[in-house]
Asker: 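Please see the structure below; I have some questions.
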Amino acid sequence: MRHLQRHQFTRALRNTASLFSILLLAGTVCDLRAHTSLPGYLELNETSPGSFEMLWRIPAAEGPPPAIYPEFPANCVVPKQLVTQEAPGSVVERGLIQCGPKGLAGGSIEIENLQVTILDVLVRITFADGTSITQMLRPLAPSFVVHKDAKSHVDAMGYVRLGIGHILFGIDHLLFVLGLLLIVPGPRMLLKTITAFTIAHTTTLALATFGVVHLAPTPIEAVIALSIVFLAAELAQHRRGVQGLTYRKPWLVAFAFGLLHGFGFAGTLARIGIPAHDIPLALFSFNIGVELGQIAFVTAVLAFIYSLRTLEIQWPSWTYRVPPYAIGSLASFWFLQRCALIFSF
Amino acid sequence: MKTTRVRRLLSGGIAASLTLLAPAAASAHPMPGVGDFYAGMLHPLTAIEFLLPMIAISLLAGQQSREPAIAMLFTFPLSLAAGAALGVPIHLPSIVAWINLGSMAALGLLVATARPLPSSVAAGISALLGLTIGLANGAELGEQVSPWRFIPGFALAGLLLVTYGIGCVRRLRAPWMQIGFRVIGSWIAAVGVLVLSLR
């Protein structure tokens, strides 16, 4: 018995060691980072007629921030140097914009260099009389003319795009779905599992966006990474004949972790800052976008597996270890990285 | 230059349709800040001299028997990655662009005739095309794009395309579908000849 335990212990140790070596490799060589996909954000609050407080946030999840900046109409000046502040994953600039008696009305706001990026920028202007306008700027449409009376706000399509972007660029969510795809047998169980994941993340996304539940985003992101490690471990153990919970009840695991992922999605929506009256529309459209992205990804993966099967390749047995260890290493790396983020702020 | 206009128009069209799907492909070139991996995946799909030969090679792989198809499945993405890695530091000799354009006509004809090839020839063709497309894409990489993320995305796009081609041709066995794949091949050959003659 004791011998067996020792054997198990050394095996566990060996596995941990190999996992860590892959981890280090992933971390140092590839410089792979999960980037949470966020749009840029420009907020202008009119404090006195023609004078605006500005907040300009550039996402900088990977390396230096992109060289984009807002260009205001010619009648606007920046009287004082802007204050720059670095936050996790973004750079924030604050300052004052003075546009004289004419104000911003009729003027054009453009985000310079946006066309050479793949970022969206959300612009929100609140006027002294309490009215506000919101506009999403894109690489193909980097400017807009401010019409105070026009009820221009971000349309549903804008939030759908944001949702698609969030799931396709949030590689962590995709890896979780990939893990489920590799585990779940048969189309019926897969449908059930993906539906459970969807119901769960939609629920928490709604709860968090309406402010019923509030959780700090950074620990949530860390636990999301951990949920992928969990799936990877289940996959790896299955190769050794251990039937984990995910193999027995995949929909249950998908539901439980789906709740977490929903908080992650909500974090994105919250950081953009949606005007209160826009919340139901934004929530609905963003979620549609997330589902569309998810369906596209699932279709692509299933089509890949289905196509590959036509060749009836006899894969050597070690190749079956590659997906769980690759997914697990990457997710562990993100987990450590996000933990570091929790404790450094 | 008429050809560049046609090229831009066509690649612009493809890029625009991709933009609808992912909020990504507005420009395949410098994309600071976000997903060089996705840039790598989309880059070869936004220019016809890469996209069409890649479609042709994927259909050709599907038309082969099992062994040559497997050989092509592995050699193509690997040689894409190798070519891109070699292409990053160098200035491209113009012969590469000619091979890419010529390959469109040659591969299109092979697909149109649905010729069975020996494994070695199939592997050789896909390796050559992979290398030249890889070189051309690698040489276009700006300094802002990280090759460590671009190249895996790029090779993955090649792998997916070849796999989907194999899946389509091998799964859709109806005679009219098989003729359809050969028609696509003849169109690719026609575009190749057209672009070559305009150059």
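All chains are named by letter (A, B, ...) in the order of the sequence lines, taking the proteins before the strands, and each is independently numbered beginning at 1.
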Asker: Roughly how far, to the nearest 0.5 Å, is CD1 of A:Ile313 from CD1 of B:Ile70?
Answerer: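 Answer rounded to 0.5 Å: 4.5 Å.
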Asker: Using 0.5 Å steps for rounding, measure from the OH atom of A:Tyr306 to the OG1 atom of B:Thr163.
Answerer: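 Rounded to the nearest 0.5 Å, the OH-OG1 separation comes out at 15.0 Å.
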Asker: Between B:Arg170 (side chain) and A:Leu311 (backbone), is there a donor-acceptor pair under 3.5 Å?
Answerer: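 Not at all, since once roles are kept as given, no pair shorter than 3.5 Å links the two residues.
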Asker: Got more than 12 heavy atoms from elsewhere within 6.0 Å of CZ, B:Arg171?
Answerer: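 Counting other residues, nucleotides and ligands, CZ of B:Arg171 exceeds 12 neighbours.
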Asker: What closest approach, in Å, do B:Arg66 and A:Glu312 show between heavy atoms, and which atom pair accounts for it?
Answerer: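 Looking at all heavy atoms of both residues, the shortest contact is NH2-O, 2.9 Å.
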Asker: Give me the contact list for residues 291-300 of chain A versus chain B, heavy atoms only, anything under 4.5 Å, ordered by residue number.
Answerer: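 Answer by number: A:Ala300.
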Asker: Could you pull out the closest heavy-atom pair between B:Tyr164 and A:Phe304, with the gap in Å?
Answerer: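 Scanning both residues completely, I find the closest heavy atoms to be CE2-N, 3.4 Å.
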